Amino acid sequence: MFQGGFIINFHPITLADKPLFDSFFHKYRYDNAHSNFTNLFMWRNGYHIQWALAGEHLCIKAEWEGEHYILPPFGPENEGMNTALEQFMDYFAANGWPLVIRGAEQFMVAALDRLKPGQFQWVEDRDNFDYVYNTQDLIELSGRKYHSKKNHLNSFKRLYSQYEYVALTPELVPSCLDVARTWWRQHSDNDDINLGLEQQAIADVLQNMEYLGLCGGAISLDGQVIGFTFGERLNEDTVVVHVEKGNPEIRGVFTVINQEYLKNSWQHIPYVNREEDMGIPGLRKAKESYHPVKMIQKYVGRLLK
């Protein structure tokens with residue numbers, strides 16, 4: 001697309017782009033759960049995500065509810081990043097859009113301010129802070145602060161002593177999709193666009209989980225899947241959990257799938273990122289109840305006129 005005297009070759013995200021994205025996300029450390037190919041692939045349709053290369057930098061743009069925005073360019077902090085920013089500044093201006101940057105971690109904000117001092121106004125995006133926990137805390141659930149979680153866990157194990165934890169394999173995908181649909185029907189009037197998009201995102205990922213390199217687990221009761229989850233390594237010391245769904249009518253199912261998954265797949269990894277709460281009160285309460293050890297702060301930047 002020709003805009004402002006230069007060419008930006010935007011592409012929709014496809015599975016074939018994973019090696020390219022991984023080359024950026026693995027070369028540099030990112031703690032943001034969305035600095036990850038699976039997350040971008042999952043939400044590519046709902047957020048109209050597209051990407052382009054600008055020299056040494058991976059550039060990503062998206063759109064939600066009429067607002068067009070970019071993620072901070074992924075790559076080294078150098079003049080090439082400055083060039084990528086200038087291209088986007090021209091591109092957004094040519095389209096009559098204000099330049100908005102979302103999903104910027106603190107070190108990204110500092111880097112962008114060094115490149116463009118005083119040109120962006122930054123505000124915290126609390127609804128999109130990621131929750132990070134000690135993996136062993138969520139496995140052991142020790143101490144008074146996890147008393148209620150332990151009660152849910154023990155209650156589940158008493159009532160459903162025959163349950164099984166199994167690795168999530170392609171054969172279980174149809175059953176997991178049934179669980180996701182059941183959860184959706186019980187949590188929305190089916191007009192909630194976010195939940196509808198999530199259903200499609202889960203299906204896209206589960207049907208391609210082997211290629212995406214995901215690790216998942218499920219809770220089976222009398223041969224029927226009642227809860228499932230999946231995630232992957234985010235960086236050298238953190239795993240990211242992308243999705244966790246269960247039958248909400250079964251008390252303790254979420255505590256059990258959370259504990260069993262980490263115990264069976266990730267107990268050698270110090271931290272687990274369970275992503276953001278999106279400003280949903282119930283979800284925020286649930287995530288806070290697991291006592292995060294840190295939050296990954298994210299910021300929104302707007303180009304000052």
Side-chain angles (χ1 to χ4, degrees), residues 130-188 195 198-199 202-203 205-206 209 214-232 239-278 280-293:
D130 289 342
Y131 291 74
V132 179
Y133 308 84
N134 277 325
T135 305
Q136 288 304 314
D137 285 350
L138 301 195
I139 293 174
E140 298 169 3
L141 299 175
S142 300
R144 294 177 58 84
K145 65 182 180 180
Y146 291 112
H147 181 71
S148 64
K149 301 296 182 187
K150 206 62 175 280
N151 283 344
H152 286 309
L153 187 70
N154 291 337
S155 174
F156 180 93
K157 290 183 176 181
R158 282 194 305 269
L159 291 170
Y160 309 109
S161 58
Q162 72 275 32
Y163 86 91
E164 290 184 280
Y165 174 83
V166 294
L168 204 166
T169 61
E171 292 74 26
L172 292 177
V173 166
S175 297
C176 291
L177 292 176
D178 285 342
V179 171
R181 281 190 288 269
T182 298
W183 183 93
W184 181 41
R185 285 194 294 268
Q186 296 183 16
H187 281 79
S188 91
L195 294 181
E198 184 185 51
Q199 287 295 296
I202 291 172
V205 170
L206 285 178
M209 62 176 295
L214 301 176
C215 170
I219 298 295
S220 174
L221 188 63
D222 299 327
Q224 181 179 0
V225 173
I226 59 170
F228 73 93
T229 187
F230 58 80
E232 62 185 302
V239 58
V240 57
V241 175
H242 293 302
V243 167
E244 182 182 272
K245 296 296 179 191
N247 185 336
E249 295 182 354
I250 299 179
R251 180 189 177 194
V253 65
F254 290 99
T255 307
V256 172
I257 188 63
N258 181 9
Q259 182 199 50
E260 291 278 9
Y261 176 56
L262 295 177
K263 181 173 70 176
N264 283 275
S265 299
W266 301 111
Q267 63 176 309
H268 59 294
I269 303 298
Y271 301 105
V272 53
N273 182 321
R274 291 177 59 81
E275 302 192 353
E276 69 284 306
D277 61 36
M278 298 176 290
I280 301 171
L283 189 54
R284 178 166 297 184
K285 181 179 179 180
K287 289 182 182 287
E288 289 176 342
S289 73
Y290 276 100
H291 304 285
V293 293

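A quick note: this is a predicted structure, and the numbers were derived from the prediction, not measured. In what follows, every heavy atom counts, from backbone to side chain, and hydrogens, waters and symmetry copies are set aside.
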Less than 3.5 Å apart, which donor and acceptor atoms pair up between the side chains of residues 167-175 and the rest of the protein, not counting sequence neighbours?
| from | atom 1 | to | atom 2 | distance (Å) |
| --- | --- | --- | --- | --- |
| Thr169 | OG1 | Glu171 | OE1 | 3.0 |

Open item on the list: Gln224: which residues meet the side chain to side chain contact (heavy atoms under 4.5 Å, CB included) condition with it, sequence neighbours left out?
Closed with: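 Scan of Gln224 (side chain to side chain contact (heavy atoms under 4.5 Å, CB included), adjacent residues dropped) gives none.
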Task: Side chains of Thr229 and Lys245, donor plus acceptor under 3.5 Å - done: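 Side-chain D/A pair, Thr229 to Lys245: absent.
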Answer yes or no: is there a side-chain heavy-atom contact under 4.5 Å between [X] and [Y]?
X	Y	answer
Trp183	Asn247	no
Asp178	Val225	no
Leu283	Met278	yes
Tyr261	Cys215	yes

Task: Passing option when Val272 is tested against Val293, Leu138, Val240 for side-chain contact (heavy atoms from CB on, under 4.5 Å) - done: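 Exactly one option meets the side-chain contact (heavy atoms from CB on, under 4.5 Å) with Val272, and it is Leu138.
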Pairs where [range] contributes a residue and the test salt bridge (Lys or Arg N to Asp or Glu O under 4.0 Å) is met, not counting sequence neighbours:
range	value
residues 282-292	Arg126-Glu288, Asp127-Arg284, Asp277-Arg284
residues 215-226	none
residues 258-267	Glu260-Lys263

Check side chain to side chain donor-acceptor pair (under 3.5 Å) between [X] and all other residues, then give those that pass, not counting sequence neighbours.
X	result
Glu275	Asn39, His242
His147	Asn151
Asp130	Asn273, Lys298

Which heavy-atom pair separates [X] from [Y] by the least distance, and what is that distance?
X	Y	result
Ala180	Gln199	O-NE2, 3.2 Å
Val179	Gly246	CG1-CA, 3.9 Å
Ile269	Val239	CG2-N, 3.7 Å
Cys176	Leu206	CB-CD1, 3.9 Å

Task: Residues which pass ring pair (Phe, Tyr, Trp, His ring centres under 6.0 Å) with Tyr146, listed by chain and number, not counting sequence neighbours - done: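 By the ring pair (Phe, Tyr, Trp, His ring centres under 6.0 Å) rule, Tyr146 matches His291.
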Task: ring pair (Phe, Tyr, Trp, His ring centres under 6.0 Å) involving Tyr160 - partner list, sequence neighbours excluded - done: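 So Tyr160 forms a ring pair (Phe, Tyr, Trp, His ring centres under 6.0 Å) with Phe156.
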Open item on the list: Ring of Tyr163, cation from Lys157 - is the NZ or CZ under 6.0 Å from the centre and inside 45° of the axis?
Closed with: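 Relative to the ring axis of Tyr163, which defines the angle, Lys157 lies outside at least one limit.
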Show me the side-chain donor-acceptor pairs of residues 250-259 shorter than 3.5 Å, one per line, residues at least two apart or across chains.
| from | atom 1 | to | atom 2 | distance (Å) |
| --- | --- | --- | --- | --- |
| Arg251 | NE | His152 | ND1 | 2.9 |
| Arg251 | NH1 | Ser155 | OG | 3.3 |
| Gln259 | NE2 | Ile139 | O | 2.8 |

